[in-house]
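Below is one structure, written out as structure tokens; the observations come after it.
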Amino acid sequence: MKIYTKTGDKGQTALYGGTRVSKASARVDSYGNIDELNSFIGIAKSHIEDQEVLKQLEKIQFDLFTVGSEAATPIDKLMQANGKSRLPLVISDDEIEELENWMDAFDEKLDPLQYFILPGGGKSATFLHAARTICRRAERSLVFLNESEEVRPELIKYLNRLSDYLFVLARYISKINNEPEEYWNPNER
């Protein structure tokens with residue numbers, strides 16, 4: 001099987017379920033942002049040694065494929081004509097709660113926030129901060145899509161929580177790597 005199909009050469013692509021849309025559509029933009037986020041998490045992973053964190057990020061990357069597959073499926077195509085779900089998995093409150101539990105565990109090991117943190121630190125923390133901002137863009141693009149086409153609220157909620165997780169994780173990674181955080185303290189100017 002060849003990887004190229006030539007079916008997208010005129011700027012259109014097929015959504016899950018068969019509908020063809022412009023590659024500039026809000027739906028394609030949303031799952032493209034999710035794909036970019038997943039890639040940036042992969043970059044961050046390549047600079048992280050903590051095995052527990054790597055397991056979490058691997059699970060998150062798996063979940064992002066689940067989010068992306070649903071973002072690529074119009075809500076009216078989620079169910080097949082025979083009544084079965086088109087998608088083998090969907091994001092639920094369980095995955096959202098999992099992110100919250102991981103954040104809470106990291107947060108217990110961190111100093112309380114007093115100022116905004118400048119994105120940076122070592123390589124892994126910097127890539128996690130970049131992933132966080134891409135996650136926020138992916139969330140915004142799903143919210144934008146939801147203004148014209150229904151999106152299950154769990155997808156937006158998951159990305160919202162994931163951006164928080166990536167922020168807390170960047171702080172945690174900075175701490176375990178003994179990399180000082182830089183603060184935005186307007187009183188120091």
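Sequential numbering from 1 along the given sequence is applied to the chain's residues.
- For Ser141, the side-chain hydrogen bond (donor to acceptor under 3.5 Å, both in side chains) partners two or more places apart in sequence, or in a different chain, are Asn33.
- In this structure, CG on Leu64 lies 10.5 Å from OG on Ser69, to the nearest 0.5 angstrom.
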Indicate every side-chain donor-acceptor pair of residues 125-132 with a distance under 3.5 Å to a residue at least two apart or in another chain.
unit_1	atom_1	unit_2	atom_2	d
Thr126	OG1	Gly121	O	3.4
Thr126	OG1	Gly122	O	2.8

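- Judged by distance alone, the side chain of Glu95 and the main-chain N or O of Ser92 form a donor-acceptor pair under 3.5 Å.
- Criterion: ILVMFWY side-chain heavy atoms under 4.5 Å apart, direct or through other members. Under it, Val90 and Val67 are not part of a common hydrophobic cluster.
- When the side chains of ILVMFWY residues are joined at heavy-atom separations under 4.5 Å, either directly or via intervening members, Tyr158 and Phe144 end up in two distinct hydrophobic clusters.
- Atom-to-atom distance recorded for Glu36:CD and Tyr31:OH is 14.5 Å, nearest 0.5 angstrom.
- Partners of Phe65 by ring-ring contact (aromatic ring centres under 6.0 Å, His included), not counting sequence neighbours: none found.
- Atoms CG and CG, on Asn146 and Leu155 in that order, are 9.5 Å from each other to the nearest 0.5 Å.
- Closest approach of Leu142 and Ala71 over heavy atoms only: CD2-CB, 4.2 Å.
- Every residue two or more places apart in sequence or in another chain that forms a ring-ring contact (aromatic ring centres under 6.0 Å, His included) with Tyr172 is listed here: Phe106.
- The hydrophobic cluster containing Val28 does not contain Val151, counting ILVMFWY residues as joined when their side-chain heavy atoms lie under 4.5 angstrom apart, directly or transitively.
- Under the side-chain hydrogen bond (donor to acceptor under 3.5 Å, both in side chains) criterion, Glu154 pairs with Arg152, sequence neighbours left out.
- A distance of 9.5 Å separates CG in Leu162 from CD1 in Ile91, rounded to the nearest 0.5 Å.
- Sorted by first and then second residue, the side chain to side chain donor-acceptor pair (under 3.5 Å) pairs with a member in residues 50-67 read Asn38-Gln61, Lys45-Gln61, Gln56-Tyr165, Lys59-Asp63, Lys59-Glu98; sequence neighbours excluded.
- Qualifying side-chain contact (heavy atoms from CB on, under 4.5 Å) partners for Tyr183, counting only residues two or more places apart in sequence or in other chains: Tyr115, Ile117, Glu181.
- In the hydrophobic clustering of this structure, Phe116 does not group with Leu113; members are Ile, Leu, Val, Met, Phe, Trp, Tyr whose side-chain heavy atoms approach within less than 4.5 Å, directly or through other members.
- Put simply, CD on Glu149 and OG on Ser25 are 7.5 Å apart, with the number rounded to the nearest 0.5 Å.
- With sequence neighbours excluded, the residues satisfying salt bridge (Lys or Arg N to Asp or Glu O under 4.0 Å) with Arg136 are Glu139, Asp164.
- Residue Arg27 holds its CZ atom at 8.0 Å from OG of Ser148, rounded to the nearest 0.5 Å.
- Here side chain to side chain donor-acceptor pair (under 3.5 Å) pairs that include residues 99-109, with residues two or more places apart or in two chains, are Glu100-Arg161.
- In this structure, the side chains of Ile134 and Arg137 come closer than 4.5 Å at one or more pairs of heavy atoms.
- Looking at heavy atoms from C-beta onward, Ile60 lies in side-chain contact with Leu99 at the 4.5 angstrom threshold.
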- prompt: Which is it for Leu89 and Phe62 under the side-chain contact (heavy atoms from CB on, under 4.5 Å) test, yes or no, and what are the steps along the way?
  reply: CA-CA 11 Å; Leu89 292 172; Phe62 182 91; 3.5 Å; yes
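- Among residues two or more places apart in sequence or in another chain, the side-chain hydrogen bond (donor to acceptor under 3.5 Å, both in side chains) test is passed with Thr133 by none.
- When all heavy atoms are compared, the tightest approach of Ser30 to Leu145 is OG-CD2, 3.8 Å.
- Counting only heavy atoms from C-beta outward, the side chains of Leu166 and Leu37 approach each other to under 4.5 Å.
- Not counting sequence neighbours, the partners of Asn82 by the side-chain contact (heavy atoms from CB on, under 4.5 Å) test are Gln80, Lys84.
- Scanning for side-chain contact (heavy atoms from CB on, under 4.5 Å) contacts around Asn177 gives Ser124, Ile173, Glu179, with sequence neighbours left out.
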